[in-house]
Amino acid sequence: MCGIVGAVAKRNIVPVLVEGLRRLEYRGYDSCGVAAIDGNGVARCARSVLRVADLERQIRDTKLLGETGIAHTRWATHGAPVTHNAHPIFSHNMIALVHNGIIENYAALRKSLRASGYKFVTQTDSEVIAHLIYSVYRDDLFSAVREAVKLLHGAYAIAVFSKNQPHRLCCARGGSPLVVGLGEHEHFLASDTLALAGSTNRFIFLKEGDVVELTLDSVRIASRNGELVQRLVHTVNTYSDAVELGPYRHFMKKEIFEQPQAIADTIAHIDAFDPELFGTGASDVFKETDSLLILACGTSYYSGLTAKYWLESIAKIPTQVEIASEYRYRDSVPNHRSLVVVISQSGETADTLAGLKHAHALGHSNTMAICNVESSTIVRLTTLRFLTHAGTEIGVASTKSFTTQLVALFVLTVTLKWLRSNTDAGLQTQYLKQLRHLPAALNSVLALEPQIIAWAKAFSHKENALFLGRGMHYPIALEGALKLKETSYIHAEAYPAGELKHGPLALVTKAMPVVTVAPNDILLEKLKANIQEVRARGGQLYVFADADTRIVNDEGLHVIRMPEHYGLLSPILHVVPLQLLAYHTACARGTDVDKPRNLAKSVTVE
Ligand code: G6P
């Protein structure tokens, strides 16, 4: 994780760096810092273990400004989140460096640098990079960085300046994301394009192994094998309004309420389930596909788990869903007729990316991304793609990216079905209609918020919760439990309701709230029996029940009535009250909803 930003210009760029950090805080917020060289060649630095707002205050108070600078927001890996471990990190008061990633051979490098007399003032792995660069620096920063990165094993995106060379920055990419932004007589770098919205819309997406030198009027790029190369310039219009809260108190609530629009935007261009929606050549790929292998992490993994039910029951295509960090390290038996589908909001999650690369290494050539960021690495490395149009998601707990991923996966399911078994066109129209009606249906679920707030007050005093679901609503229960634990820090676990009697029932007492997802589907009667098993043990049930389920309020049984059952798309509606329950419980407990402790949105380290 961690976010980095840098700029070289003939004006004070500290406000650009600070604004960039504010937008990159989603990548980690254990500490932040900035270092800059002013017009007279004087370098200064500020660091904070509080948020960017505190750093801004220090900058104002000390009148820190500069025309060349780098900045960092940290998600701690090596070394506690304390001021002396905050970046920028200096070597010999000359080389300033910010780093995102993990240096795997840092211990060996540290040992040999120490033996040569280098002193370490941080516990970070990053400090070895600063010292390595210093050790080979002979007034040519570009060469020094090129030489130093050759010694690094692991993942890095770095930005560096040398105090004696103002108006010159170097950066390098090896496994962590990094873009270069082009301006008029000024240049920028950042972990993502959003950080630079408003400063430029012209970007170079660096390739693995690239080392770059930025001056006021030049950009020199050396590829992994040392050759000077040109890279394509892309125009990316990112809007800074996406990172404004507007009338909302938190991004999580804003993003929950943006779901009807996000889904409408995701399906706006669809009038038929045409393979070309997934890219040129998708039809041929789909024809030779005999199974799906879905790889993802976190919430994106749960969208894959939900889709497995659709893919196997509607498209009749065998589907395997794997947590990317497990897949990449286990021995698996590749089926080259499998389509590998990677799901990722950010398109930069290190484990998902590594899972994709592992699949490539095993000889999988048919790959697809379901992703929210067009310019992301994952999209660039897959042959097919479907972009969700959720818009920028800032809250660390994913909400609108989950429901838009589900929509994308449903579109994929129906598309595969039609290609594989040319059935009833009427059904196709019906699925399209249901998709188009989803935003309105979601609005009626969002209107349940006042009742959910009342439940959240009761939940805020609990330390444990169970979530139950069955069939394709079991992954929804998993997602509900994840949302509650990450935002409110209440220990929550989800089970398929049928598994209750095989263990978790032992946890059920009056103190245990049991949240149940109760759609009016073929498993309803089975679920009702599971509800009775909990009631008989004095458990407190909180049930989101579709209309016509005949589950009503009673002793120990609290019910919120959902709209009518929404058929196959029901999981998309049922997850929304669980998001709201987590959000309001977190608010009632006073946690930092958008930036839960120890977490970060974009996990670009293993
Ligand atoms: C982090 C975020 C989660 C997200 C997961 C995968 O853990 O906090 O909200 O689901 O990463 O991220 P991705 O961008 O790959 O969907």
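Below, each value reflects all heavy atoms present in this structure, side chains not excepted, and no hydrogens, waters or symmetry copies. Numbering starts at 1 and runs along the sequence shown. In listed order, ligands and their atoms are each counted from 1. Quick caveat, the model's predicted, so the values are computed rather than measured.
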Inset, instruction - Among Glu255, Glu258, Gln259, find the residue that satisfies the side-chain hydrogen bond (donor to acceptor under 3.5 Å, both in side chains) test when tested with Lys400. - result: Glu258
Legend entry - Subset of ligand 1 atoms that lie under 4.0 Å from at least one heavy atom of Thr299: 10 (O)
Inset, instruction - Tell me yes or no: between the side chains of Thr388 and Thr266, is some donor less than 3.5 Å from an acceptor? - result: no
Legend entry - atom 14 (O) of ligand 1: the protein heavy-atom neighbour that sits closest, reported with distance to 0.1 Å: Ser346 OG, 2.6 Å
Legend entry - Under 3.5 Å side-chain donor-acceptor pair for Glu348 and Thr377: yes
Legend entry - Ligand-side contact atoms (ligand 1) for residue partner Ser344, heavy atom cut-off under 4.0 Å: 13 (P), 14 (O), 15 (O), 16 (O)
Inset, instruction - Measure up the Tyr431 and Phe410 rings against each other and bin them: parallel (under 30°), tilted (30 to 60°), perpendicular (over 60°). - result: perpendicular
Legend entry - Element-labelled atoms of ligand 1 that are located less than 4.0 Å from some non-hydrogen atom of Ser300: 10 (O), 13 (P), 16 (O)
Inset, instruction - Would you mind checking which non-hydrogen protein atom is closest to atom 15 (O) of ligand 1, with the distance to 0.1 Å? - result: Thr349 OG1, 2.5 Å
Inset, instruction - May I ask you to check whether Tyr474 and Tyr309 place their ring centers less than 6.0 Å from one another? - result: no
Legend entry - Modelled atom types, side-chain donor and acceptor of Ser300 and Gln345, under 3.5 Å: no
Legend entry - N/O separation below 3.5 Å, Gln405 to ligand 1: no
Inset, instruction - Return a yes/no value for Val396: is any of its N or O atoms, backbone included, closer than 3.5 angstrom to an N or O of ligand 1? - result: yes
Inset, instruction - Using distance alone, determine whether Glu486 and ligand 1 share an N or O pair under 3.5 Å. - result: no
Legend entry - Geometric cation-pi criterion, Arg597 with Tyr489: 6.0 Å, 45°: yes
Inset, instruction - Give a yes or no on whether Arg51 atom CZ has more than 12 heavy-atom contacts from other residues, nucleotides or ligands under 6.0 Å away. - result: yes
Inset, instruction - For atom 11 (O) of ligand 1, find the nearest protein heavy atom and state the residue, atom name and distance (0.1 Å precision). - result: Lys601 O, 3.6 Å
Legend entry - Minimum-distance protein heavy atom relative to atom 6 (C) of ligand 1: Cys297 O, 3.5 Å
Legend entry - For atom 4 (C) of ligand 1, closest protein heavy-atom neighbour: Ser398 OG, 4.0 Å
Legend entry - Protein heavy-atom partner closest to atom 7 (O) of ligand 1 - residue, atom, separation in Å: Val603 CG2, 3.8 Å
Legend entry - Polar atom proximity, Thr352 to ligand 1 (N or O, under 3.5 Å): no
Legend entry - Validation row: Val515, Phe544 side chains within 4.5 angstrom (heavy atoms): yes
